[in-house]
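Below, all heavy atoms of this structure are taken into account, side chains as well, without hydrogens, waters or symmetry copies. Nothing fancy with the numbering, it's 1 onward along the sequence.
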Amino acid sequence: MRIGLVQQANTADRKENLAKSTAGVRRCKELGADLVVLQELHTGLYFCQTEETRVFDQAETIPGPSTEYFGTLAEELGLVLVLSLFEHRAPGLAHNTAVVIERDGSIAGRYRKMHIPDDPAYYEKFYFTPGDLGFQPIETSVGKLGVLVCWDQWYPEAARLMALAGAEVLIYPTAIGYELADDAPERGRQRDAWTISQRGHAVANGLPVVAVNRTGFEADPSGVTEGIQFWGSSFVTGPQGEFLYRAPEDEEDVAVVTVDRQRTADVRRIWPFFRDRRIDAYGDLLRRWVD
């Protein structure tokens, strides 16, 4: 499976963002990609730094403008695309949704982000209703894709359920960065924790992991914080958590990485974690806290 990554910096100009994503997808095709992953909310700015009702005007239906645009592109290039969109479902009801576009331009499936953060500069609960589609891999011509979104990457349960349902790769469109008030050591700890958690999902499930993050600085429109410097650093790991590719922190980047399905089978045979799971003893995982 040859997977393309498009790491970009965004502006408030949707047309400019679409043109940049399109150029990245085309370059991935030139490099031999079968599948291309775009970052979280790639058509615009990361608007969750503030809580503004007018931002809901940016939400779009699925199918809608972006799926039509990228569907045409996918069909032209003959590849599978993973999009990340602000989905309008009904007035006052929206989701942070990943959409997979098949080679023929059709919608193969969607995943609505399940874990929704609410932190300074990441006020996502104001905009996004938690997903209601569960953790189901999406069947495509290139394989079964375990698509999750950003904050989901901190939850081993989400990765495990995708793996148990037959996902062949875990994919995380992402928008995460530093608040500029954080000092250098804290920034390093945060970025390390981000990569460590996802490498852990790769190891625990014997699966490749693809994380595509945005880069560049985006100001806080309210001026309450100093804005977010997105840390880029998109990466791909193999099923033992080994890095197959790492993008730079502060540059836009396009790359194609090959992952080997046979490696998954080989690793799972030597580390049979699924065989040894004590499913009879995990009932407390369904509780909020074990008092």
Side-chain angles (χ1 to χ4, degrees), residues 1-11 16-46 70 79-84 98 142 145-154 159 169-180 182 184 187-203 207-218 227-260 263:
M1 190 186 297
R2 296 182 298 275
I3 304 173
L5 295 73
V6 179
Q7 173 177 295
Q8 69 184 65
N10 278 21
T11 71
E16 180 180 329
N17 299 326
L18 290 178
K20 192 176 291 186
S21 295
T22 301
V25 172
R26 290 189 182 280
R27 179 57 180 155
C28 286
K29 177 64 176 181
E30 292 172 359
L31 295 172
D34 307 306
L35 163 69
V36 179
V37 182
L38 299 173
Q39 66 202 29
E40 184 181 18
L41 301 173
H42 53 81
T43 66
L45 293 171
Y46 179 75
F70 285 103
L79 46 69
V80 176
L81 292 178
V82 178
L83 314 179
S84 176
V142 298
L145 310 182
V147 181
L148 298 156
V149 178
C150 201
W151 194 239
D152 294 322
Q153 66 211 355
W154 301 101
V169 60
L170 298 174
I171 296 173
Y172 295 92
T174 299
I176 190 169
Y178 311 111
E179 188 176 345
L180 294 184
D182 294 329
R187 294 182 186 186
R189 288 189 292 268
Q190 290 176 9
R191 193 168 69 104
D192 285 348
W194 178 70
T195 55
I196 289 167
S197 67
Q198 291 170 95
R199 293 176 73 189
H201 300 331
V203 174
L207 286 177
V209 167
V210 178
V212 181
N213 189 27
R214 69 172 61 203
T215 190
F217 173 73
E218 295 185 21
I228 300 174
Q229 179 66 48
F230 291 96
W231 64 49
S233 307
S234 302
F235 65 89
V236 179
T237 77
Q240 288 174 304
E242 70 277 22
F243 283 113
L244 302 179
Y245 183 76
R246 300 185 77 178
E249 285 190 51
D250 54 1
E251 299 174 20
E252 296 183 310
D253 188 60
V254 173
V256 173
V257 182
T258 299
V259 300
D260 183 358
R263 276 265 315 138

(request) Grab the two heavy atoms, one from Ala193 and one from Trp154, that are nearest each other, plus how far apart they are. (result) O-CZ3, 3.5 Å

(message) Go through it in stages, so that I can follow the logic: the residues are Leu35 and Leu145, the test is side chain to side chain contact (heavy atoms under 4.5 Å, CB included), and I'd like the CA-CA distance, side-chain angles, deciding distance and then a yes or no.
(response) CA-CA 10 Å; Leu35 163 69; Leu145 310 182; 4.0 Å; yes

(request) Show your reasoning for whether side-chain hydrogen bond (donor to acceptor under 3.5 Å, both in side chains) applies to Gln153 and Ser197. (result) CA-CA 7 Å; Gln153 66 211 355; Ser197 67; over 6 Å; no

(request) Could you pull out all residues at least two apart from Lys29 that satisfy salt bridge (charged side-chain N to carboxylate O under 4.0 Å, His left out)? (result) none

(message) Please enumerate all residues that pass salt bridge (charged side-chain N to carboxylate O under 4.0 Å, His left out) together with Arg187, with sequence neighbours excluded.
(response) none

(request) Please lay out, stage by stage, how Val6 and Val212 fare under the test side chain to side chain contact (heavy atoms under 4.5 Å, CB included). (result) CA-CA 7 Å; Val6 179; Val212 181; 5.6 Å; no

(message) Applying side chain to side chain donor-acceptor pair (under 3.5 Å), can you list everything that pairs with Asn213, at least two apart in sequence or on another chain?
(response) none

(request) Flag the pair Asn17 / Gln8 as yes when at least one side-chain heavy-atom distance between them is below 4.5 Å, and no otherwise. (result) yes

(request) Would you check if the side chain of Gln198 reaches a backbone N or O of Leu170 as a donor-acceptor pair within less than 3.5 Å? (result) no

(request) Using the side chain to side chain contact (heavy atoms under 4.5 Å, CB included) rule, take Val254 and Cys28 through it: C-alpha gap first, then chi angles, then the decisive distance, then the call. (result) CA-CA 7 Å; Val254 173; Cys28 286; 3.5 Å; yes

(message) Quick check for you: to the nearest 0.5 Å, what is the distance between Phe217 atom CZ and Asp250 atom CG?
(response) 14.0 Å

(request) Using ring pair (Phe, Tyr, Trp, His ring centres under 6.0 Å) as the criterion, list what pairs up with Tyr178, not counting sequence neighbours. (result) Trp231

(message) As an exercise, state the distance from CG of Asn10 to OG of Ser21, rounded to the nearest 0.5 Å.
(response) 6.5 Å

(request) Measure across Gly238 and Ala202 and return the closest heavy-atom pair with its distance rounded to 0.1 Å. (result) O-CB, 3.5 Å

(request) Sequence neighbours left out, what passes ring pair (Phe, Tyr, Trp, His ring centres under 6.0 Å) with Phe243? Give chain and number order. (result) Phe235

(message) Between Thr258 (side chain only) and Arg2 (backbone N and O only), is there a donor and an acceptor less than 3.5 Å apart?
(response) no

(request) Tell me, please, which residues at least two apart from Arg246 pass salt bridge (charged side-chain N to carboxylate O under 4.0 Å, His left out). (result) none

(request) Compare every heavy atom of Pro173 with every heavy atom of Val82, then report the nearest pair and how far apart it is. (result) CG1-CG, 4.2 Å

(request) Could you tell me whether the side chain of Lys20 and the main chain of Ala9 form a donor-acceptor pair under 3.5 Å? (result) yes

(message) Nearest 0.5 Å, please: how far is CD in Glu251 from OG in Ser233?
(response) 11.0 Å

(message) As a quick check of understanding, evaluate side chain to side chain contact (heavy atoms under 4.5 Å, CB included) for Ile3 and Tyr245, giving each step before the final call.
(response) CA-CA 11 Å; Ile3 304 173; Tyr245 183 76; over 6 Å; no

(message) Please check: side-chain N/O of Asp34 versus main-chain N/O of Met1, any donor-acceptor pairing under 3.5 Å?
(response) no

(request) Looking only at non-hydrogen atoms, find the nearest pair between Pro248 and Gln7 and report the distance. (result) O-NE2, 2.9 Å

(message) Contact between Cys150 and Thr174 at the side-chain level, heavy atoms closer than 4.5 Å - yes or no?
(response) yes

(request) Indicate yes or no for a side-chain donor-acceptor contact from Gln229 to the backbone of Leu180 under 3.5 Å, with no hydrogens or angles considered. (result) no

(request) Tell me, please, which residues at least two apart from Thr22 pass side chain to side chain donor-acceptor pair (under 3.5 Å). (result) Tyr69

(message) Using the salt bridge (charged side-chain N to carboxylate O under 4.0 Å, His left out) criterion, which residues pair with Arg199? Sequence neighbours excluded.
(response) none

(message) What I'd like to find out is whether the side chain of Leu5 reaches to under 4.5 Å of the side chain of Val236, using heavy atoms alone.
(response) yes

(message) If we ignore hydrogens and angles and just use 3.5 Å, is the side chain of Gln39 paired with the main-chain N or O of Ala175 as donor and acceptor?
(response) no

(request) Taking side chain to side chain donor-acceptor pair (under 3.5 Å) as the test, write out the residues that go with Thr237, two or more places apart. (result) none

(request) Measure the spacing between CD1 of Ile171 and CG of Leu207 and express it to the nearest 0.5 Å. (result) 11.0 Å

(request) Would you list the pairs meeting salt bridge (charged side-chain N to carboxylate O under 4.0 Å, His left out) in which at least one residue belongs to residues 207-218, sequence neighbours left out? (result) Arg214-Glu218

(request) Over all heavy atoms of both residues, which pair between Asp253 and Ala247 is shortest? Give the atoms and the distance, please. (result) OD2-CB, 3.4 Å

(message) If the condition is side chain to side chain donor-acceptor pair (under 3.5 Å), which residues does Gln240 pass it with, not counting sequence neighbours?
(response) Arg263

(message) Going by ring pair (Phe, Tyr, Trp, His ring centres under 6.0 Å), name the residues that satisfy it together with His42, two or more places apart in sequence or in a different chain.
(response) Phe70

